[in-house]
Amino acid sequence: MSELSVEHLIGIKSLTESDIQLIFAMADNFKQVINRPIKKVPTLRDITIANLFFENSTRTKLSFELAEKRLSADVINFSAGSSSVSKGETLVDTVNNILAMKVDMVVMRHPNPGASVFLSQRVNSRIINAGDGAHEHPTQALLDSYSIREKLGDVAGKKVVIVGDILHSRVAMSNIFCLQKMGAEVMVCGPKTLLPKYIDKMGVKVETDLKKALNWCDVANMLRIQMERLDISYFPSLREYTMQFGLTAQILKELKKPITIMHPGPINRGVEISSAIADSEQAIILDQVENGVAVRMAILYLLAQKIDRPQ
Amino acid sequence: MIVMKLLIKKAKICYPGHKLHGKTQDVIVESGKIQCIASSLKNPGNYKEITSKNLHLSPGWLDLKANLGEPGFEERETLESGMKAAAAGGFTGVCVSPDVQPFSDNRSSIEFVSRAGEGKSVTLYPLGALSKGGKGEELAEMFDMHKSGLVGAVAFTDNKPIPNAKFQLLLQQYSQNFDGLIYSFPMNLDLAGKGNVSEGETSTYLGLKGIPHLAEEITVARDLQILEYAGGRLHFSDISSAESAKLIGASKKSKLNATASVAWYHLIFNDTVLEGFDSNYKVLPPLRTESDRKGLIKALKEGNIDTITSNHQPQNIERKECEFEYAGYGINGMQVVFAALNTFAKELDLDTLVESLGIRPYQVLNKETPSIEEGSNANFTLFDPQEKWTYDKTNNHSLAENNPMFGTEFTGKVLGTVNGKVGNIS
């Protein structure tokens, strides 16, 4: 199979395992490309892509833009700090206005869960979800699994714990779907106040003791505590959070076996992860960033195949 | 239309508990009264004959809560269009919720509603506000609203939760001098937070903020305890959790004066319909689990929940055609309550359905159920539980189109209503 089963990349939930394998195989090729002296291919030179960011983003936006440029696509960027509704224009109108300028694909980040689903049902374009509220962030999950595969040879059979704020995290949900589809076992770990009550229904293990979680796992994905997103106080202080859920060299030393450390960034040094660990051999945080470009190139390339293009 | 003389042929009487229940009868209506009922009646002259295969006749249905938009939201619905939708849905009475603009919290707003229903096939029963402006702070002039107009406020609601327990206590106490009925919309707003769907497996993987069952159940428990302490009459107008129904059932056993309603869509859908983020399924209280849906039907059968409402909430298209979190709540459902339940709520038998629409709503309001006797005022609904029809935008009588059931083929159709001298017969 050489094409994706979906028309848009909305979430991992709608992908098949072979879709994911196809993306990974394609990302292997693009990872070679971006490590060559000339980091560009002309593959998407006939394609125009709009990056619509209705919510702040630095690295995801940069990563997408680089991926697009390395495929030689024309790129336009649109950022709106506030929602389209508050400006009076509907999301569909905003996007259709941009599409009227002959844009072929849309990469969108939006604060509302399901915004990418809503859009994909109403506009005539390929949609790539770059994060919609606490719903999904599929490219992050794909690059995370790709990085595990690169580091450990395979995702299947591996034990992965996601630590931190699971309640407000789209990264956690997409990661759970992706890791499970690839045959990994998943655990979530954090204070009860930041774990969704029904998270166990997703087929994951639930743990509130970081040491137990780390002893169980092969890989720990440390999520950032997004203080700016917390509407009420879910824990008394960052200091106390770190006392319970911060990853330090001391804890790692006490584990029975070495584990791989991941982080979707940006990292809060000294909060969820200590500086020494972030810079250690065990951490693959910068590999994740590099792989992000390759994985996004793969997705853009595969979805562009779905567009009716002149030969 | 004015109905002077009608001969209804071979109608199966659907009136559980009535001596004619299940019997096929001919009925003559003249000058707003049932003149004759017998197994076979000849047309005395130029009486309009109503015949249909599977014709059923039940006491006229009464909807205990519907928002009809007017005044303030006439682009969504007007009292006129709302009455048309209600009549097409088989209702001869609708309790009109006060959450309009300005809030219906005084005598003149109550009179405005009751006058609009005067001489129409649908009687409008105004619901008065509990608090001034619906703000949940100061008591509204409930006594004055109760006494006003043709009908007077039949019950009181802000159509939203009352966060303050002390205020709920005052409501239960104050309403007793005029035997007023207090509606409770049970939801603890602190626990509900910014949630807009039910907290559960579905909300977890969709990333939507959830309203826990606990938010409703804790308030049902609170309001029942306040009722026990203070006395008065209490009606839970918006139940979505099966556990709430159990709490209410237990209170009925201990002779508390509590009743409850459930909106029709809670008996058909569960929260898995939200998978496609269709905002037409965004309702408050939110759609719960399949086990809640089944539990609510069981509670209706057992009488722990008394009635089914339309909880009609028209929205203009711009309030629904947007991102899920920004979308308004509600479904414009009055026209399809019977058809949708008869088609999709398989566990619900026809007798319970008719009881919940046409008998118990009157009991909740302490009103006499329409009588199917010779000499009594004509107030009945005609329907065929087997006729198939498709609901679409051409036969939708509401001004609003926020309903997920457009294009659905239903089994069961309302054929007409008669309310005194006025009828709505196709």
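Excluded from the calculations below are hydrogen atoms, water molecules and symmetry mates; all remaining heavy atoms, backbone and side chain alike, are included. In what follows, every chain begins at residue 1, and chains take the letters A, B, ... in the order their sequences are listed.
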(request) Please tell me if the side chains of B:E325 and A:P113 come closer than 4.5 Å, counting only heavy atoms from C-beta onward. (result) yes
(request) With a 4.5 angstrom heavy-atom cut-off, could you sort out which part of A:E136 is near chain B: side chain, backbone, both or neither? (result) neither
(request) Before accepting this row, confirm whether a basic side-chain N of the pair A:K13/B:E275 lies closer than 4.0 Å to the acidic partner's carboxylate O. (result) yes
(message) Within this structure, what is the CZ-CG distance for the pair B:F277 and A:N112, rounded to the nearest 0.5 Å?
(response) 10.0 Å
(message) Are A:M173 and B:T204 packed together at the side-chain level, in the sense that at least one heavy-atom pair is separated by less than 4.5 angstrom?
(response) yes
(message) Are there over 12 heavy-atom neighbours, none belonging to A:K201, within less than 6.0 Å of that residue's NZ?
(response) no
(request) Can you check whether anything in residues 122-131 of chain A gets within less than 4.5 Å of chain B, heavy-atom wise, and list it by number? (result) A:R122
(request) Answer with side chain, backbone, both or neither: which region of B:E321 has an atom nearer than 4.5 Å to a non-hydrogen atom of chain A? (result) both
(message) Distance check, rounded to the nearest 0.5 Å: B:D278 atom CG versus A:Q121 atom CD?
(response) 7.5 Å
(message) Taking atom NZ as the centre, does A:K61 end up with more than 12 heavy-atom neighbours from other residues, nucleotides or ligands that are less than 6.0 angstrom away?
(response) yes
(message) How long is the straight-line distance from OH of B:Y205 back to CD1 of A:I199, given to the nearest 0.5 Å?
(response) 13.0 Å
(message) Rounded at 0.5 Å granularity, tell me how far CZ in A:F118 sits from SG in B:C322.
(response) 6.5 Å
(request) Nearest 0.5 Å please: distance from the CD atom of B:E323 over to the CG atom of A:L91. (result) 4.5 Å
